[in-house]
Structure formats: structure tokens, C-alpha cells
Amino acid sequence: MNFKDKLSKDKLPKHIAIIMDGNGRWAKGLGKLRIFGHQSGVGAVREAMEGAVDVGVKYLTLYAFSSENWNRPKLEVKALMELLVNTLAKETKTFMANGIRLNTIGDLSALPKHCQKTLQDAIAETQHNSNCVLTLALSYGSRAELVDATKAIVRKIQEGLLQLEDLNEQTISEHLYTANIPDPDLLIRTGGEQRISNYLLYQMAYTELYFLDKMWPEFNREDLFQAIYQYQQRERRFGKTSEQL
Ligand code: FPP
């Protein structure tokens, strides 16, 4: 089925977050090394990016490396970092052609220096693009993000820059790594698992969740359009009743 033609333009999710899961299992199924799965996952990243731009999704956030992923075998971590550097260097052309602005969330200081440099360069080169903001969650953990936000807020209160009585939900949003990004409307997770895995916990309070069994390297833009189509069939009530909407 062609889902793209069935999408209603006025109900597009503004922000889609993705958990790209299943690279390792997909490669293993083919009798290959896990890293082959990650390498093959780059094609799916391109599909997701181009698909998002094609239909007018303004924010796309990809979980590329979690803070827990540092505990993987050293060789896999090293290979993932190299893949990131090589991909960014190569894909900057795709970012420019599609008007994509690169952004990151997470503890980048934990990344090897040359990765940090490649990221900074790609961010600088794409800073004036305005079709879509592509955020890579790298060395990212949502609980760590909440701890950092809490520390920043407490510091402001101690310094008298913020009154305790003025602290509200908006204050917390504004101190997260995602301060300038709207909350995700839709979360897509490939690979058959149905969990959130320490991803954007505060931001996903009202996000619609969409899980599919496909492994990430097989994900393509038609899957993205199907997910958006399914999202558009749902009624988002934000705690209200149907009649109140
Ligand atoms: C999860 O699959 C995937 C990752 C930890 C890495 C995702 C990285 C990419 C798709 C490659 C490049 C990305 C960018 C942005 C350049 P898994 O290894 O946990 O799979 P498994 O559950 O089958 O083991």
C-alpha cells in the first residue's frame, strides 16, 4: 500500500523520535558480525531522514548511542564511533541537499575527540538549514539528562536567579538537552522490543508509541509513512474526553 498518498498534511507529527533497534540480531541472522548490522543501519538512517523531509516532518531524533551502550564490547564501541565519524563526513552532502540541520543531545564529552570535532564541523556546516532538525542522541541517557537539569535548576535557585515557587513543568523542559525542541509526537521503535530504554522520558509523557518487528537495517521510508499514517488514525486526548476535543 502507498501510505504517503494517504497522509493528511494537516495532522503531521512535528517531531518523530526513533529507537533504531535490531542491527546486531539482523547481522547475526545473516551469519555476519554485529558491526555489519550497524553499517547496514546507515542506509535506514538515510531512508528515515529523506522520508521525514519528503513529507514535512520538522524534527527527527535518532537514538544512535545510549549512555549504557558504553558497556558493550570495546571493539563494537570503537567501530560504532568510527562509523559515526565516517557517516557524518559522507552524509553532510545529504544534509545540505535536504535542508537538514544537525543537532545532538547527550554527554558528548565522553566521545573520542575526533568524533566531537566531526560533529562540531557538521553542526556548524548545517546550522542555517531549516527544513528539518536531525538530532542524534549520543552517549545519551534520559535519567542523566534529568539529573543535569535538576542540578542546573538547583544552582539557579541557590544563586537567587530562580524562585522555588516559580519552578514549573516548563522550567524543567527548558533545562533538558532538548530545550529548543518540541516534545515528540510519535516514537517509532524497530526490532520487536516494546520498551523506552531510558529515552526522552520527560519529553514522551504524551507521545504516541509505535513498535514494529522489522530490524533497523530493513527500515525504509514506506515504514516511516506507515507509522505516520497509523499515528494519524489515533485520537490524542491529552487527558481530556473525546467530546472535549
Ligand atoms: C541498536 O541495535 C543500534 C545501535 C546501538 C546503534 C545505532 C547505530 C546506527 C544505526 C548506525 C549509524 C547511525 C548514525 C546516526 C550514523 P542493537 O545493536 O542493539 O541491535 P540488537 O538488539 O539486535 O543487538
Trainee: Counting only heavy atoms not in N180, do more than 12 sit closer than 6.0 Å to its CG atom?
Mentor: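 Open: at most 12 neighbouring heavy atoms sit under 6.0 Å from CG of N180.
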Trainee: Can you name the nearest heavy-atom pair linking N220 to E47, along with the distance?
Mentor: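 In terms of heavy atoms, the two residues are closest at CB-OE1, 3.4 Å.
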Trainee: One pair to check against side-chain contact (heavy atoms from CB on, under 4.5 Å): L224 and F219. What are the steps and the verdict?
Mentor: CA-CA 8 Å; L224 182 83; F219 186 87; 4.0 Å; yes
Trainee: So which heavy atom on V53 is nearest to which on C132, and how close?
Mentor: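 Closest approach of V53 to C132, heavy atoms only: CG2-CB, 3.9 Å.
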Trainee: What heavy-atom pair brings P184 and T207 nearest, and what distance separates the two atoms?
Mentor: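 Heavy-atom minimum between the residues: O-OG1, 2.7 Å.
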Trainee: Please say yes or no: joined through hydrophobic side-chain contacts below 4.5 Å, possibly via intermediate residues, are V77 and M20 part of one cluster?
Mentor: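 Yes; M20 is reachable from V77 via cluster members.
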Trainee: Report yes or no: does E145 contribute a side-chain atom to a donor-acceptor pair with the main-chain N or O of L200 at less than 3.5 Å?
Mentor: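 Absent.
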Trainee: Within a 6.0 Å radius of atom CG on L75, are there more than 12 heavy atoms belonging to other residues, nucleotides or ligands?
Mentor: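 No, the 6.0 Å shell around CG holds no more than 12 heavy atoms from other groups.
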Trainee: Drop me the distance from K58's NZ to I16's CD1, to the nearest 0.5 angstrom.
Mentor: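 Output value for this atom pair is 12.5 Å.
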Trainee: Do T61 and V133 make a side-chain contact, defined as non-hydrogen atoms from C-beta onward lying under 4.5 Å apart?
Mentor: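 When only atoms from C-beta onward are counted, V133 and T61 do not touch, as no gap falls below 4.5 Å.
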Trainee: Are side-chain heavy atoms of I228 and V57 found at a separation under 4.5 Å?
Mentor: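 Side chain of I228 against side chain of V57, heavy atoms only: contact under 4.5 Å found.
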Trainee: Tell me whether R189 contacts the main-chain N or O of R195 through its side chain, where contact means a donor paired with an acceptor under 3.5 Å.
Mentor: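 Side chain of R189 to backbone of R195, a donor-acceptor pair under 3.5 Å: yes, one is there.
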Trainee: Hey, are the side chains of D107 and S67 touching, using non-hydrogen atoms and a 4.5 Å cut-off?
Mentor: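 SC-SC contact between D107 and S67 ruled out.
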Trainee: L176 and I19: same hydrophobic cluster, using ILVMFWY side-chain contacts below 4.5 Å?
Mentor: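 Different hydrophobic clusters.
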Trainee: Keeping H15 on the side-chain end and P182 on the backbone end, is there a donor-acceptor pair under 3.5 Å?
Mentor: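 Answer holds: yes.
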Trainee: Measuring only between side-chain heavy atoms, which start at C-beta, is F238 closer than 4.5 Å to L245?
Mentor: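 Contact flag for F238/L245 side chains = no.
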Trainee: Tell me if a side-chain donor or acceptor on D54 pairs with a main-chain N or O of G51 at a distance below 3.5 Å.
Mentor: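 Such a contact is absent between D54 side chain and G51 backbone.
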Trainee: Considering residues, nucleotides and ligands other than K156, do more than 12 of their heavy atoms fall under 6.0 Å from its NZ?
Mentor: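 Count not over threshold, so no.
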Trainee: When hydrophobic residues are tied together by side-chain contacts of less than 4.5 Å, even through go-betweens, does I188 share a cluster with I196?
Mentor: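 No; tracing contacts between hydrophobic side chains, which count when under 4.5 Å, never links both residues.
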Trainee: Is the backbone of L201 close enough, under 3.5 Å, to the side chain of S142 for a donor and an acceptor to pair up by distance?
Mentor: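 Here the side-chain-to-backbone pair exists.
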Trainee: As an exercise, state the distance from CZ of R101 to OG of S130, rounded to the nearest 0.5 Å.
Mentor: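 R101 CZ to S130 OG: 9.0 Å, rounded to 0.5 Å.
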Trainee: Could you measure the distance from the CD1 atom of I35 to the CD atom of E82? Nearest 0.5 Å is fine.
Mentor: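 The CD atom of E82 is 9.5 Å from CD1 of I35, to the nearest 0.5 Å.
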Trainee: Does a sphere of radius 6.0 Å around CG in D213 hold more than 12 heavy atoms from other residues, nucleotides or ligands, not counting ones at 6.0 Å or beyond?
Mentor: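 It does not: D213 CG has 12 such atoms or fewer within range.
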Trainee: Rounded to the nearest 0.5 Å, what separates atom CD in Q127 from atom CG in L102?
Mentor: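 Between Q127 CD and L102 CG, I get 11.5 Å after rounding to 0.5 Å.
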Trainee: Look at atom CD of Q233 and say whether more than 12 heavy atoms of other residues, nucleotides or ligands are closer to it than 6.0 Å.
Mentor: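 Check passes, neighbour count above 12.
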Trainee: What distance separates L138 CG from L62 CG, expressed to the nearest 0.5 Å?
Mentor: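 Reported value, rounded in 0.5 Å steps: 9.5 Å.
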Trainee: For the pair Y140 and Y199, name the ring-plane relationship: parallel under 30°, tilted 30 to 60°, perpendicular over 60°.
Mentor: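 Judged by the thresholds at 30° and 60°, the geometry between Y140 and Y199 is perpendicular.
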Trainee: Would you mind reporting whether L30 and F36 have side-chain heavy atoms less than 4.5 Å apart?
Mentor: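 The answer is yes; the side chains approach within 4.5 Å.
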Trainee: Can you check whether F95 reaches L88 side chain to side chain, under 4.5 Å on heavy atoms?
Mentor: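 Side chain of F95 against side chain of L88, heavy atoms only: contact under 4.5 Å found.
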Trainee: Any heavy-atom pair between the side chains of H38 and W216 that's under 4.5 Å?
Mentor: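 Not touching, per the 4.5 Å side-chain cut-off.
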Trainee: Between Y210 and L7, is there shared hydrophobic-cluster membership here, with clusters defined by ILVMFWY side-chain heavy atoms closer than 4.5 Å?
Mentor: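 They do share one cluster, since a chain of ILVMFWY contacts under 4.5 Å joins Y210 to L7.
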Trainee: Quick one, S139 and L108 - any side-chain contact, counting heavy atoms below 4.5 Å?
Mentor: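 Contact flag for S139/L108 side chains = no.
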Trainee: Does atom CZ of R143 have more than 12 heavy-atom neighbours from other groups under 6.0 Å away?
Mentor: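 Result for CZ/R143: open.
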Trainee: Write down the atom of G239, the atom of Y206, and the distance for their closest heavy-atom approach.
Mentor: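 Here G239 and Y206 meet closest at N-CE2, 4.1 Å.
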Trainee: Is the backbone of I100 close enough, under 3.5 Å, to the side chain of N98 for a donor and an acceptor to pair up by distance?
Mentor: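 Pair absent, no side-chain N/O of N98 close to backbone of I100.
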Trainee: Where the side chain of R25 meets the backbone of G191, is there a donor-acceptor pair that is under 3.5 Å apart?
Mentor: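 A pair under 3.5 Å: yes.
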Trainee: Donor-acceptor pair, distance only, cut-off 3.5 Å: does the side chain of E76 make one with the backbone of P73?
Mentor: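 Checked: no pair found.
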Trainee: For a quick test of reading the model, state the closest non-hydrogen atom pair linking E174 to A179 and the distance between them.
Mentor: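 Between these two residues, the closest heavy atoms are O-CB, 3.4 Å.
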Trainee: Does a donor on one side chain and an acceptor on the other come within less than 3.5 Å for Y177 and D148?
Mentor: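 On atom types as modelled, these side chains qualify, holding a pair under 3.5 Å.
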Trainee: Let me confirm one number: the CG-CE distance from L83 to M81, rounded to the nearest 0.5 Å.
Mentor: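 Separation between the atoms: 10.0 Å.
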Trainee: Do the side chain of Q203 and the main chain of D183 share a donor and acceptor less than 3.5 angstrom apart?
Mentor: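 Side chain of Q203 to backbone of D183, a donor-acceptor pair under 3.5 Å: no, none is there.
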Trainee: Please report the closest heavy-atom contact between N198 and E68, naming both atoms and the distance.
Mentor: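 Shortest heavy-atom contact: ND2-OE2, 3.3 Å.
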Trainee: Checking the side chain of K28 only, and the main-chain atoms of L33 only, is there a donor and an acceptor separated by less than 3.5 Å?
Mentor: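 It does not hold such a pair.
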Trainee: Side chains of T92 and E125: any donor to acceptor distance under 3.5 Å?
Mentor: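 No, no side-chain donor-acceptor pair sits under 3.5 Å.
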Trainee: Should the heavy atoms of other residues, nucleotides or ligands under 6.0 Å from CG of L146 be counted, would the total exceed 12?
Mentor: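 More than 12 within 6.0 Å, yes.
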Trainee: Identify which one of K11, R236, Q226, E208 satisfies the side-chain hydrogen bond (donor to acceptor under 3.5 Å, both in side chains) criterion when paired with Y231.
Mentor: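 Output: one option passes, namely R236.
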Trainee: Between T118 and D121, does any side-chain donor sit less than 3.5 Å from a side-chain acceptor?
Mentor: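 Judged by distance alone, the side chains do not pair up.
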